[in-house]
Asker: 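Structure provided below as structure tokens; questions to follow.
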2 protein chains.
Amino acid sequence: MAGKDHVGGSKAVTLTDVARFAGVSVATASKALNGRSQVAAHTRARVLQAAEQLSFVPNTLAQGLLVGRTGTVGLLTSDLQGRFVIPILMGAEDAFGAGRINVFLCDARGDTIREQHQLKALLSRRVDGLIVVGSQTDRRPSVGHDLPVPVVYVYAPSDDPDDLSLVPDNVAAGRLAVEHLLSCGRRRIAHVTGDPSYAAAQDRVKGALEALDAAGLELVGEVMYSEWSERWGRDATAVLLERYPDIDAVLCGSDQIARGALDTARDQGRKVPGDIAVIGFDNWDEMVTNSRPELTSIDPNLQLLGRSAAQRVFAALDGDEMGNGVHTQAPRLVIRGSTVARR
Amino acid sequence: MAGKDHVGGSKAVTLTDVARFAGVSVATASKALNGRSQVAAHTRARVLQAAEQLSFVPNTLAQGLLVGRTGTVGLLTSDLQGRFVIPILMGAEDAFGAGRINVFLCDARGDTIREQHQLKALLSRRVDGLIVVGSQTDRRPSVGHDLPVPVVYVYAPSDDPDDLSLVPDNVAAGRLAVEHLLSCGRRRIAHVTGDPSYAAAQDRVKGALEALDAAGLELVGEVMYSEWSERWGRDATAVLLERYPDIDAVLCGSDQIARGALDTARDQGRKVPGDIAVIGFDNWDEMVTNSRPELTSIDPNLQLLGRSAAQRVFAALDGDEMGNGVHTQAPRLVIRGSTVARR
DNA sequence: GAAAAGACCGAAAACCTTTTCCGTTTCGTG
DNA sequence: CACGAAACGGAAAAGGTTTTCGGTCTTTTC
């Protein structure tokens, strides 16, 4: 009753079928469909109509085999939750207009052997390039140079300076955050952040200190390092408010930490943004829009990162020099209620 | 200096190269590498070594062209944040062991024309099957029956009963949640949930009422519908606590709503789980582990869903009847501190 | 020692598309 | 009317792999 077309027979329709149906050779059919010039207008029309009628879809495999380009890239990730990788993927998809390239998404689950497997599988599928996405902004081992396709590292840079890496500019992000706080009139700013072994933490601190320095100010107290959790955000803010009751802003190393800070401020009856401003990093949608008040944050522009990664890959295929080193992507400030009172 | 291999020359090594290197024909080389029986042991060894030495990677495109199977599936989604699609993708990847199949992830951004484009692109790449992932559990328009490959709908069922859909069993989830609350000794349970137009909301209500009924109990007050946000969770719980101060559990329609409930309980000095138990749905990692206390939740087992989707696709290719209708996946209870005091 | 059987290897077709090159037709021009 | 050119359509090769079938060589059996 519910017999499907793909079972038993009804093979996919090929160019030969179209050609026969239109009464021309496959060569002509191909030329007509690809807009080559050596075919008369009425012949082209006939072929197009035949293709339409048979709902012909060209076999990209055969094309790729012949042309040596598949129009695919492999996205190799270890970002288990997909928080970073999804915007990067969307950016890559969009790099050349909708549907022009397709992306194989592979999750290595942080396992090196698994990563090797996936890598091999992607190469056997003749992807045109590789985008490697790490889950932290720390350097990660290179997947190797002797690969037959261009490789771009995104979010987490490669540990090999000969590789090309595109990462968010966390120093600029730190600077941008502090400049915003200053422009809101804040002067007594403390900084709570995550794991000090993360490059992201250090870079943001660096940028923040630069901006403070430029304004002739200093951070209130020491930078408070620990882990990237709301719990730490809560605990650290509690300590902070006790030790320095007069602070007027908390710069938080992530949106999660910022949410914790908001919770503690609320628990202790401090008004946000009236008494204290709070700002986070990542602009992670679920975090920033669900807090009380909504959270001002620094967006790392991941989608742009994905887009330029894909563009670099195909530029390299077209003969451009791949380039190397670590390139940074400027961040973007998104202002919400945690730093500026709602209109 | 940093010249890359993929620029200029050094073509990918082919089976012909391996064969020549090993001093055999391509036919023999192919048989040797694929473990066919018609080749002598020492010949096979020689071929294998040659392949190793030249670091030969078979061209899957050529294989697919010939065999008519590519070992790829297309994952067509509109889940912008990737919250559901990532576990489903991981399940699909794992369905046949690591690296056996690869997944094209396509984000249609909720745009129908874009979806059509992506669909066509995937078909032209000769994917072996299609997995369509919706962002809500409501029925979604079918992508059509006249496709040359099997299609499975996951998370959001197709609106066409002839299609096969795999979805989380939200009725069972509702039941499971209430049964857990009852087993914790709760008797006065209220229910705050999201948008009433969502099937997920209705199904969970249904299951919850069934379980209460079986225990001879009733819900405290009416089901409170509105939106899937923390804000609503907070507001609704405030109303609830004022109107029915004696409730001992809040069943929340999502983890986000549950977080809101926890916040309000805390604001009003109610102890969780001492005075009030709170339970959510989805088992969304960031939500459940960052709340105070950590949140008990119902996990929809999305990874299993993705796995069986992929298995169904390939079973259909092997001639099995595809089946149709909506099949459900049993949920799993994950107990945390919001219903049971920490040991 | 010869014939039959078995083990092993290789040539070639097939998959589907693109592109080059060549043959044919048509048209314009002298 | 004839010639050259331009326009158009088709045959064939190429891309890398798998599989079938036939051929060669070794082994076994009487």
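Lettering of chains follows the sequences in order, A, B, ..., and the numbering in each one begins at 1.
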Asker: Both A62(B) and V39(B) contact DNA chain C. Which one's nearest nucleotide lies toward the 5' end?
Answerer: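 This one resolves to V39(B).
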Asker: So, is S25(A) near the phosphate of dG9(D), with a side-chain N or O under 4.0 Å from OP1 or OP2?
Answerer: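 It does not, given that no N or O in the side chain of S25(A) lies less than 4.0 Å from OP1 or OP2 of dG9(D).
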Asker: Could you give the CZ-to-P distance, from R20(A) to dC16(C), as a whole number of Å?
Answerer: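 Checked: the CZ to P distance equals 11 Å.
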Asker: Please give, in whole Å, the distance from dT18(D) P to L33(B) CG?
Answerer: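 Distance, rounded to whole Å: 8 Å.
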Asker: Verify, without hydrogens or angle tests, whether S30(A) (side chain) and V26(A) (backbone) share a donor-acceptor contact under 3.5 angstrom.
Answerer: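 Here the side-chain-to-backbone pair does not exist.
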Asker: State whether S30(A) places a side-chain N or O below 4.0 Å from either non-bridging phosphate oxygen (OP1 or OP2) of dT17(C).
Answerer: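 For S30(A), the contact criterion (side-chain N or O under 4.0 Å from OP1 or OP2 of dT17(C)) is not met.
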Asker: Look at the side chain of A27(A) and decide which nucleotide, out of dC9(C), dG10(D), dT18(C), has an atom nearest to it.
Answerer: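 Comparing dC9(C), dG10(D), dT18(C) against the side chain of A27(A), the answer is dG10(D).
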Asker: Kindly point out which of dC9(C), dA14(C), dT18(C) is positioned nearest to the side chain of K31(B)?
Answerer: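 Looking only at side-chain atoms, K31(B) lies closest to dC9(C).
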Asker: Can you tell me how far P of dA14(D) sits from CG of L15(A), to the nearest Å?
Answerer: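 It is 20 Å, rounded to the nearest whole Å.
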Asker: Please list, chain by chain and in numerical order, all residues satisfying ring-ring contact (aromatic ring centres under 6.0 Å, His included) with F314(B), sequence neighbours excluded.
Answerer: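 F314(B): ring-ring contact (aromatic ring centres under 6.0 Å, His included) contacts with F96(B).
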Asker: Would you check if L122(A) and C106(A) make a side-chain contact, meaning some heavy-atom pair closer than 4.5 Å?
Answerer: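 With C-beta onward as the side chain, the pair touches.
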Asker: What nucleotide among dT17(D), dT19(C), dG10(D) has an atom nearest to a side-chain atom of R36(A)?
Answerer: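 It is dT19(C).
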Asker: For the side chain of V24(A), starting at C-beta, report the closest nucleotide among dG16(D), dT17(C), dG10(D).
Answerer: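 For V24(A), the side-chain atoms sit closest to dG10(D).
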Asker: What is the distance from CG of L123(B) to P of dC16(C), rounded to the nearest Å?
Answerer: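 That distance rounds to 15 Å.
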Asker: Take I101(B) and D128(B) through the side chain to side chain contact (heavy atoms under 4.5 Å, CB included) test and state the conclusion after the steps.
Answerer: CA-CA 10 Å; I101(B) 68 173; D128(B) 289 332; over 6 Å; no
Asker: Within less than 4.0 Å of OP1 or OP2 of dG9(D), is there a side-chain N or O belonging to T43(A)?
Answerer: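 Yes, such a contact exists.
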Asker: Can you tell me if the side-chain N/O atoms of T14(A) get under 4.0 Å from OP1 or OP2 in dT17(C)?
Answerer: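 So the side-chain polar atoms of T14(A) do come within 4.0 Å of the phosphate oxygens OP1 or OP2 of dT17(C), strictly under.
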Asker: Between dT18(C), dG10(D), dT17(D), which one does the side chain of L66(B) approach most closely?
Answerer: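 Nearest listed nucleotide: dT17(D).
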Asker: Which nucleotide in the set dG16(D), dT18(D), dT17(C) lies at the smallest distance from any side-chain heavy atom of F56(A)?
Answerer: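 Closest nucleotide to the F56(A) side chain: dT17(C).
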Asker: Send over the distance from H42(A) NE2 to dC8(D) P, rounded to a whole Å.
Answerer: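 It is 9 Å, rounded to the nearest whole Å.
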Asker: Take atom CZ of R69(A) as the centre, draw a 6.0 Å sphere, and report whether it contains more than 12 heavy atoms from other residues, nucleotides or ligands.
Answerer: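 Counting neighbours around CZ of R69(A), more than 12 heavy atoms of other residues, nucleotides or ligands fall under 6.0 Å, so yes.
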Asker: Is N34(B) close enough to dT18(D) that one of its side-chain N or O atoms is under 4.0 Å from OP1 or OP2 there?
Answerer: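 Yes, N34(B) has a side-chain N/O under 4.0 Å of OP1/OP2 on dT18(D).
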Asker: Using atom CG of D17(B) as one end and atom P of dG15(D) as the other, report the distance to the nearest whole Å.
Answerer: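 To the nearest whole Å, that distance equals 11 Å.
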Asker: May I ask you to decide if F84(B)'s main-chain N or O and D79(B)'s side chain share a donor-acceptor pair within less than 3.5 Å?
Answerer: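 Such a contact is found between D79(B) side chain and F84(B) backbone.
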Asker: Give the rounded distance in Å between these two atoms: CG of L65(B) and P of dT19(D).
Answerer: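 Interatomic distance, CG of L65(B) to P of dT19(D): 14 Å.
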Asker: Look at Q63(A) and dT17(C) and indicate whether a side-chain polar atom (N or O) is within less than 4.0 Å of OP1 or OP2.
Answerer: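 Checking Q63(A) against dT17(C): no side-chain N or O falls below 4.0 Å of OP1 or OP2.
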Asker: Whole-Å distance between dC22(C) C1' and Q38(A) CD?
Answerer: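 Checked: the CD to C1' distance equals 12 Å.
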